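Scroll down for the structure; my scribbles are underneath it.
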Amino acid sequence: MASVFRDFLLVLVLLDIQAAQPFCLRGCTCSEESFGRTLQCISVSLSELPGNLPEEFKRVRIENSPLFELPRGSFINMSTLEYLWLNFNNVTVIHLGALEHLPQLRELRLEGNKLRSVPWTVFRATPLLRVLDLKHNRIDVLPELAFQFLVNLTYLDLSSNRLTVVSKSVFLNWPAYQKCRQPGCTGEVLSSMVLALHDNPWICDCRLRGLVQFFRSISLPFILVNSYMICQGPLSKAGQLFHEIELSACMKPRISTSRVKVTIQVGQNVTLRCLAQARPSPTIAWTYPLSMWREFDVVTSPAEDAALSELTIPAAHLVDSGNYTCLASNSMGRSTLVISLQVLPAQALPAPLSPSSPSEGNAYVDLRVLKQTVHGILLQWLAVADSSEEEWFTLYIVSDEALWKEVVHIGPGINTYAVEDLLPGTKYEACISLGSQPPHQGQCVVFVTGRDSGGLEGRERLLHITVVLCVVLLAVPVGIYAWAAQGLCSCREWGLYCCPHHRKVPRCPPAAPQCRDSSFQDHSVICEDPEGHRDTEVDEERKEGDSS
């Protein structure tokens with residue numbers, strides 16, 4: 001009986017000892033330090049912070065874990081926590097309110113994570129924070145009021161991030177700096193403010209001028225961990241130290257050109273030039289009335305604090321006359337310059353040599369496929385003529401394979417037409433002309449519908465996979481392919497231009513197709529595509545070859 005009672009007492013003692021043991025996470029270690037209890041989790045698979053940590057911990061250290069974010073209320077039960085080390089994890093996001101309930105936090109270390117930005121207002125909840133370590137992250141921006149809640153911070157490490165340009169106002173607005181610049185601030189407090197900003201890809205242009213001057217004159221209360229701040233760009237400043245460079249003040253773009261009024265004859269080439277001087281270097285864009293219809297080559301040559309942009313118009317047409325606006329912009333603002341281009345008609349040829357009427361020669365007509373519709377395509381045209389009368393249009397749509405032709409007369413003020421109910425596996429040609437005149441070069445577009453594969457699924461597959469050589473493709477429902485040819489070219493040249501990465505040489509008839517004809521006629525030569533889509537003539541030639 002005595003032995004049973006003794007065993008019972010032993011069990012009670014063991015239970016009391018086990019109940020008295022402090023909490024610790026599985027896989028982690030807990031210890032008692034001079035400042036309090038510590039939780040240490042090294043290389044433990046923690047994808048999120050544990051939500052059941054007791055208030056007894058003074059320091060939490062979690063490193064080399066897949067920890068991704070710090071959500072709101074992460075430390076709701078840890079109001080006495082003073083040291084939080086979360087180094088070398090995968091922390092990418094810090095949510096607003098993540099540091100709530102940590103009024104005693106004095107040290108936060110997030111070295112070696114993947115932070116691109118920091119919600120700086122999160123530090124409103126940590127007024128006693130003195131050490132903030134953010135080195136080896138991906139932070140690229142510091143707002144001017146980033147440090148407004150870091151009143152008692154004495155150590156800030158932002159080295160080895162992706163900072164390129166930072167305003168000196170970031171530091172001038174720092175309450176800790178302002179407080180220590182006031183009379184009566186002791187030298188002991190002044191000497192304790194340590195800042196690390198080295199090993200960032202600094203862009204030493206005019207935007208960094210204030211910060212460079214600030215660091216040159218830096219004295220107490222700041223002490224730089226590494227005073228050798230090195231420029232990574234621009235190329236002319238790369239490798240130079242902050243205290244060696246001279247930077248000018250920023251300046252909004254100033255634009256100039258050699259000629260603001262340019263006059264040429266129709267058919268001539270012309271290059272419009274725009275020189276923009278600015279700090280930092282500007283970007284340049286051009287706008288002109290027919291930009292959505294006629295796209296010209298623009299070459300911009302950047303230089304230090306300047307950029308030269310050239311817009312080239314080959315074989316100018318009367319319709320190219322108008323104002324060409326050069327727009328230069330940088331972080332300081334934008335400026336514009338208008339260049340007026342006037343294209344004069346060529347001298348009239350003798351009547352026997354000119355097959356076109358004067359009004360026809362001065363007219364500009366362009367036709368294109370604007371977009372796809374449910375069962376076809378939507379055509380759009382632009383027509384400009386030197387005539388005070390309202391112009392009517394004639395639209396021709398023809399398909400030789402289907403023995404089908406449609407002529408549509410369209411009144412003035414209309415510039416679109418929907419072509420519906422197209423047949424699969426059929427080639428169509430559409431041309432537009434002014435009034436009753438026959439269509440001419442640049443007024444036609446050819447499109448081919450894909451073969452009907454027996455359903456919408458097959459058509460979608462055909463749309464995404466089939467490549468028709470020698471054409472510029474336009475994907476349309478029911479398998480339509482459309483292209484607008486420009487100039488005379490051989491089938492081989494056409495294919496290499498449109499499909500430069502295609503390894504097979506296109507199989508075509510010996511005769512070179514006409515990309516743009518001067519009369520309304522059949523474009524009957526089309527190359528084979530990899531999915532079996534080919535023109536009727538190609539099919540017939542193959543059948544004849546097989547039978548022979």
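Keep in mind that the numbers below use all heavy atoms, side chains included, and drop hydrogens, waters and symmetry copies. Since the structure is predicted, the reported quantities are computational estimates derived from the model, not experimental observations.
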Residues in salt bridge (charged side-chain N to carboxylate O under 4.0 Å, His left out) with Arg294, at least two apart? Asp320

Not counting sequence neighbours, list each pair that qualifies as a ring pair (Phe, Tyr, Trp, His ring centres under 6.0 Å) and has a residue in residues 50-81. none

Test: salt bridge (charged side-chain N to carboxylate O under 4.0 Å, His left out). Region: residues 133-149. Which pairs qualify, not counting sequence neighbours? Arg109-Asp133, Glu111-Lys135, Asp133-Lys135, Lys135-Asp157

Roughly how far, to the nearest 0.5 Å, is CG of Leu105 from CG of Leu84? 6.0 Å

Indicate the atoms forming the closest heavy-atom contact of Leu49 with Leu67, along with that distance. N-CD1, 3.6 Å

Under a 3.5 Å distance rule, please check whether Asp305 uses its side chain to pair with a backbone N or O of Arg279 as donor and acceptor. no

Would you give the length of the straight line joining atom CE of Met78 to atom CG of Leu39, rounded to the nearest 0.5 angstrom? 7.0 Å

Between Ser281 and Ala303 (side chain of the first, backbone of the second, donor and acceptor by atom type, cut-off under 3.5 Å), is there such a pair? yes

Which residues satisfy the salt bridge (charged side-chain N to carboxylate O under 4.0 Å, His left out) test with Glu48, sequence neighbours excluded? none

Would you please name every residue forming a ring-ring contact (aromatic ring centres under 6.0 Å, His included) with Phe88, sequence neighbours left out? none

Could you give me the CA-CA distance, side-chain angles and deciding distance for Phe171 and Phe147, then say whether side-chain contact (heavy atoms from CB on, under 4.5 Å) is met? CA-CA 8 Å; Phe171 303 98; Phe147 305 152; 3.8 Å; yes

For atom OH of Tyr228, decide whether the heavy atoms of other residues, nucleotides or ligands shown that lie under 6.0 angstrom number more than 12. no

Residue list, salt bridge (charged side-chain N to carboxylate O under 4.0 Å, His left out) with Glu295, at least two apart or on another chain: none

Please step through side-chain contact (heavy atoms from CB on, under 4.5 Å) for the pair Ser321 and Leu341, ending with a clear verdict. CA-CA 5 Å; Ser321 296; Leu341 174 65; 5.6 Å; no

For Tyr288, check ring-ring contact (aromatic ring centres under 6.0 Å, His included) against everything at least two apart and list the hits. Phe296, Tyr324

For Glu63, which residues count as a salt bridge (charged side-chain N to carboxylate O under 4.0 Å, His left out) partner, sequence neighbours excluded? Arg61

Can any side-chain N or O of Asn113 pair as donor or acceptor with the backbone N or O of Leu86 at less than 3.5 Å? yes

Any Phe149 side-chain heavy atom under 4.5 Å of Thr126 side chain: no

For a 4.5 angstrom cut-off between non-hydrogen side-chain atoms, does Val270 reach Val262? yes

Thr325 side, atom OG1; Leu327 side, atom CG - distance, nearest 0.5 Å: 8.5 Å

For residues 30-72, which residue pairs qualify under disulfide bond (SG atoms under 2.5 Å apart), counting only residues two or more places apart or in two chains? Cys24-Cys30, Cys28-Cys41

Return yes if a side-chain donor-acceptor contact under 3.5 Å exists between Glu107 and Trp85, otherwise no. yes

So, Asn89 side chain and Ser65 main chain: donor-acceptor pair closer than 3.5 Å or not? yes

Other residues, nucleotides, ligands: >12 heavy atoms within 6.0 Å of Asn269 CG: yes

Quick check: do Val44 and Ile62 have side-chain heavy atoms less than 4.5 Å from each other? no

With sequence neighbours left out, which residue pairs that include part of residues 92-104 fulfil the side chain to side chain donor-acceptor pair (under 3.5 Å) condition? Glu69-His95, Arg72-Glu100

With a 3.5 Å cut-off and sequence neighbours excluded, list the donor-acceptor pairs that the side chains of residues 200-207 form with protein atoms.
from: Asn200; atom 1: OD1; to: Asn161; atom 2: N; distance (Å): 3.1
from: Asn200; atom 1: OD1; to: Arg162; atom 2: N; distance (Å): 3.3
from: Asn200; atom 1: OD1; to: Leu163; atom 2: N; distance (Å): 3.1
from: Asn200; atom 1: ND2; to: Leu158; atom 2: O; distance (Å): 3.1
from: Asn200; atom 1: ND2; to: Leu197; atom 2: O; distance (Å): 3.0
from: Asn200; atom 1: ND2; to: His198; atom 2: O; distance (Å): 3.4
from: Trp202; atom 1: NE1; to: Leu197; atom 2: O; distance (Å): 3.4
from: Asp205; atom 1: OD1; to: Arg207; atom 2: N; distance (Å): 3.0
from: Asp205; atom 1: OD1; to: Arg207; atom 2: NE; distance (Å): 3.2
from: Asp205; atom 1: OD2; to: Arg207; atom 2: NE; distance (Å): 3.1
from: Asp205; atom 1: OD2; to: Arg207; atom 2: NH2; distance (Å): 2.7

Quick one, Val298 and Ser309 - any side-chain contact, counting heavy atoms below 4.5 Å? yes

Of all the heavy-atom pairs spanning Ile284 and Cys326, show the shortest one and how long it is. CG2-SG, 3.6 Å

Taking only distance into account, with no hydrogens and no angle test, what donor-acceptor pairs under 3.5 Å do side-chain atoms of residues 252-261 form with protein atoms, sequence neighbours excluded?
from: Lys252; atom 1: NZ; to: Arg334; atom 2: O; distance (Å): 3.4
from: Thr257; atom 1: OG1; to: Arg273; atom 2: O; distance (Å): 2.6

